[in-house]
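Below, all heavy atoms of this structure are taken into account, side chains as well, without hydrogens, waters or symmetry copies.
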Amino acid sequence: MKYQVVIGLEVHTQLTTNTKIFCGCSTKFGSEPNSQTCPVCLGFPGALPVLNRQVVEYAIRAGLATNCSITQRNVFARKNYFYPDLPKGYQISQFDLPICQHGHLDIEVEGETKRIGITRIHMEEDAGKLVHADLSEVGDDSCVDLNRACTPLLEIVSEPDMRSPDEAIAYLKKLYQIVMYLGICDGNLEEGSFRCDANVSLMPVGSTVFGTRAELKNINSFKFIKQAIEYEIERQAEILDDGGKVIQETRLFDPNTGTTRSMRGKEEAHDYRYFPDPDLVPVLIADQWIEDVRAELPELPEAKRARYVAELGLPEYDAEVLASSRELAQYYEETVALFPQAKIVSNWVMGEVARALNEDNNRSITDCPVTPALLADLLKLMEKGTISGKIAKTVFDEMYKTGKAPEKIVEEKGLVQVSDTGAIEAMVDEVLNNNPGQVEQYRGGKETVFGFFVGQVMRASKGKANPAVVNELLLKKLKA
């Protein structure tokens, strides 16, 4: 490719506060349209905004977790533009003095680590929502729902440091993990809690002058973001190859066609006529507040992965999967605390637990019927030899369905592992006597037949025979 891709991302993270950023209205999703509004979020004359302190604390958390410096005197500004879902005619945001600046995240793509700069993180209010639908009561008109107006957002703006769609997705996924670990966002992509604007441009390979960028607006799926960027790269390359010029504009992505289309000419900052909001005083953040927030930060995914490898001896892959969500990591750690064999627990959480949850309509780990305590009890039964690994999987499935303790299931179904040497020896003798041909093959050097004998004995015992005893007796008799 003769062009170098340049990508910068602006991520809007909806915060998990119970009330809006400048009023006491609820932020609950899915309520009756326009039922969660008041004079403040509707922009009535004389209604004064009052800042939600929790929003500031969440912003500090995000800034510290992304290596930003905290601007201890930051200012709200009015971003002026007209749109039907913006009742005030302006959006309260931050401009020249945002709350967080000059951060970074390190991403890994194809085994290489790269640092992506974060220009700024600022607090702002969301706009309302236009509903374009054929509703029986209004015909084909567009309707406006202002429940979302004044909902608190953090806008996280990266430097234009990404050079491929894969780098953009790696950055987004890492940022997503962080805000979820911090507990400041519910991460619901379908509801728009975490959505992205992507600025994409091309410049000739070897050049240091960025090309004209197009902004891809409000995409709330990792898959669609990648598709949109890939399409935009192809579109701009075709224009440049034909001797044309890329127009600076805002474009929308259509997931049905996999293409982008023009929405409007891209505005610059001066088009919004920013000025300090006269109704809101500057936000002053004391050193102690920053340190208090820092002290309460959870262990973040990168540090957790490193600890799993260094202290628990897990492979990198296991650590990556288990640290992928705060809830999954918590489930794993609670199980390990009760059954301190990290790799065995990892195998079961990534295996049987994940399988059952996926088959159960991707059920959340927080709703798993098999609690860490129950899983630990099951693994203890297996460790003591009460049940075999194969039987343990059967018991797990019953635990998942019923929520019963493993001991009770084993007792009710008579699943205790047979370790009596005499009983197992009788089954081994019967299998060897019934399969003289395979015995001759084994003794003639075809040792792969050994697995056949093990399977036959386990079948005869209905899976209850102790595999270690079975293997020992078979080896003894076959080599006799």
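Atom CZ of Arg459 sits in a sparse spot, with 12 or fewer heavy atoms from other residues, nucleotides or ligands closer than 6.0 Å. Under a cut-off of 6.0 angstrom, the local environment of CD in Glu112 is sparse, with at most 12 non-hydrogen atoms contributed by other residues, nucleotides or ligands. No more than 12 heavy atoms of other residues, nucleotides or ligands lie within 6.0 Å of NZ in Lys129, so this atom counts as exposed by the packing criterion. For Glu411, the CD atom sits in a loose shell: 12 or fewer heavy atoms of surrounding residues, nucleotides or ligands are nearer than 6.0 Å. Within a 6.0 Å radius of CD in Glu299, other residues, nucleotides and ligands contribute more than 12 heavy atoms. Counted within 6.0 Å of CD on Glu110, heavy atoms from surrounding residues, nucleotides or ligands total 12 or fewer; the atom is thus considered open. For Glu191, the CD atom sits in a packed shell: over 12 heavy atoms of surrounding residues, nucleotides or ligands are nearer than 6.0 Å. Other residues, nucleotides and ligands place more than 12 heavy atoms under 6.0 Å from the CG atom of Asp367.
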Worked verdict on Val293 versus Glu57 for side chain to side chain contact (heavy atoms under 4.5 Å, CB included): CA-CA 7 Å; Val293 173; Glu57 183 157 316; 3.9 Å; yes

Worked verdict on His104 versus Arg115 for side chain to side chain contact (heavy atoms under 4.5 Å, CB included): CA-CA 7 Å; His104 67 267; Arg115 177 158 293 183; 3.2 Å; yes

Residue pair Glu215, Thr250: steps toward the side-chain hydrogen bond (donor to acceptor under 3.5 Å, both in side chains) verdict: CA-CA 5 Å; Glu215 180 186 43; Thr250 297; 3.2 Å; yes

From CA spacing to verdict: side-chain hydrogen bond (donor to acceptor under 3.5 Å, both in side chains), Thr119, Glu159: CA-CA 6 Å; Thr119 310; Glu159 294 285 340; 3.0 Å; yes

Verdict with supporting geometry, Leu153 and Glu125, side chain to side chain contact (heavy atoms under 4.5 Å, CB included): CA-CA 6 Å; Leu153 300 177; Glu125 62 179 348; over 6 Å; no

Pair Lys404-Glu412, salt bridge (Lys or Arg N to Asp or Glu O under 4.0 Å): steps then yes or no: CA-CA 11 Å; Lys404 290 182 180 179; Glu412 289 177 349; 3.1 Å; yes

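Side chains of Thr19 and Asn52: a donor-acceptor N/O pair is present below 3.5 angstrom, by distance only. Side-chain atoms of Ser193 and Asp186 include a donor-acceptor pair closer than 3.5 Å. Side chains of Gln101 and Ser69: no donor on one and acceptor on the other come within 3.5 Å. A side-chain donor-acceptor contact under 3.5 Å links Ser93 and Glu124. Side-chain contact annotation: Glu232 with Thr260, donor-acceptor N/O pair under 3.5 Å present. Checked by atom type, the side-chain pair Thr257/Thr259 shows a donor-acceptor distance below 3.5 Å. Using modelled atom types, one finds no donor on one side chain facing an acceptor on the other under 3.5 Å when comparing Asn435 with Gln456. Side-chain contact of Gln341 with Glu383: a donor-acceptor pair under 3.5 Å is present, judged by distance alone. For the residue pair Tyr171 and Asp161, no side-chain donor N or O sits within less than 3.5 Å of a side-chain acceptor on the partner. Between the side chains of Ser31 and Gln36, at least one donor N or O sits under 3.5 Å from an acceptor N or O.
Ion pairing between a basic and an acidic side chain is recognised when a charged N comes within 4.0 Å of a carboxylate O; Asp318 and Lys343 show such pairing. Salt bridge Arg307/Glu333: present, at least one basic N to carboxylate O contact under 4.0 Å. Electrostatic pairing of Glu472 and Lys476 does not count as a salt bridge here, judged by no charged N lying under 4.0 Å from a carboxylate O. A salt bridge links Lys477 with Glu425; the closest basic N to acidic carboxylate O contact falls under 4.0 Å. Note on Lys304 versus Glu302: no salt bridge recorded, every NZ/NE/NH1/NH2 to OD/OE distance being 4.0 Å or above. Ion pairing between a basic and an acidic side chain is recognised when a charged N comes within 4.0 Å of a carboxylate O; Glu108 and Lys114 show no such pairing. Ion pair Asp126/Arg148 flagged as a salt bridge, since at least one NZ, NE, NH1 or NH2 atom sits closer than 4.0 Å to an Asp/Glu carboxylate oxygen.
We find the CG-OG distance between Leu312 and Ser346 to be 9.5 Å, quoted to the nearest 0.5 Å. Going from atom SG of Cys185 over to atom CD of Gln14 covers 7.5 Å, rounded to the nearest 0.5 Å. Atom CD1 in Ile229 sits 8.0 Å away from atom CE in Met162 (nearest 0.5 Å). Remark: Leu154 CG to Tyr58 OH distance equals 10.5 Å, nearest 0.5 Å. Distance check: Asn434 CG to Leu432 CG gives 9.0 Å after rounding to the nearest 0.5 Å. The distance from the CD1 atom of Ile118 to the OG atom of Ser158 is 8.0 Å, given to the nearest 0.5 Å.
Between Ile99 and Ile60, the closest side-chain pair of non-hydrogen atoms falls below 4.5 Å. Contact of the Leu379 side chain with the Met382 side chain is registered, since non-hydrogen atoms from C-beta on lie closer than 4.5 Å.
For Arg120, the side chain to side chain donor-acceptor pair (under 3.5 Å) criterion is met by His122, not counting sequence neighbours.
Side chain of Thr335 to backbone of Val345: no donor-acceptor contact under 3.5 angstrom is found. Looking only at distances, a side-chain donor or acceptor of Asn34 sits under 3.5 Å from a matching main-chain atom of Val144. Proximity of a side-chain donor or acceptor of Gln227 to a complementary backbone N or O of Pro255 within less than 3.5 Å is not detected. In this structure, the side chain of Arg443 does not engage the main chain of Glu440 through any donor-acceptor pair within 3.5 Å. Formation of a donor-acceptor pair under 3.5 Å by the Thr27 side chain with backbone atoms of Lys20 is not found in this model. Remark: the backbone N or O of Ser324 is paired with a side-chain donor or acceptor of Gln177 at under 3.5 angstrom. Although no hydrogens or angles enter the test, the distance criterion places a donor-acceptor pair under 3.5 Å between the side chain of Asp145 and the main chain of Asn147. A donor-acceptor pair under 3.5 Å is absent between the side-chain atoms of Asp360 and the main chain of Ala356, judged by distance alone. Checking side-chain atoms of Lys2 against main-chain N and O of Val205 turns up no donor-acceptor pair under 3.5 Å. With hydrogens and angles ignored, the 3.5 Å screen pairs a side-chain donor or acceptor of Asp197 with a backbone N or O of Asn218.
In this structure, Arg294 is not positioned above the aromatic face of Trp289 in the sense of NZ or CZ being under 6.0 Å from the six-membered ring centre and within 45° of the axis.
For the pair Leu357 and Cys368, the tightest heavy-atom approach, listed with the atom from each and the gap, is CD2-CB, 4.0 Å. Contact record, Ala319 with Val309: CB-CG2, 3.8 Å, taken as the closest heavy-atom pair. Nearest heavy atoms, Gly63 versus Ile70: CA-CD1, 4.2 Å. In terms of heavy-atom proximity, Ala392 sits nearest to Leu378 at O-CD2, 3.8 Å.
In this structure, Phe452 has its ring center at least 6.0 angstrom away from the ring center of Tyr442. Ring to ring, Tyr231 and Phe253 are not that close: their centroids are 6.0 angstrom or more apart.
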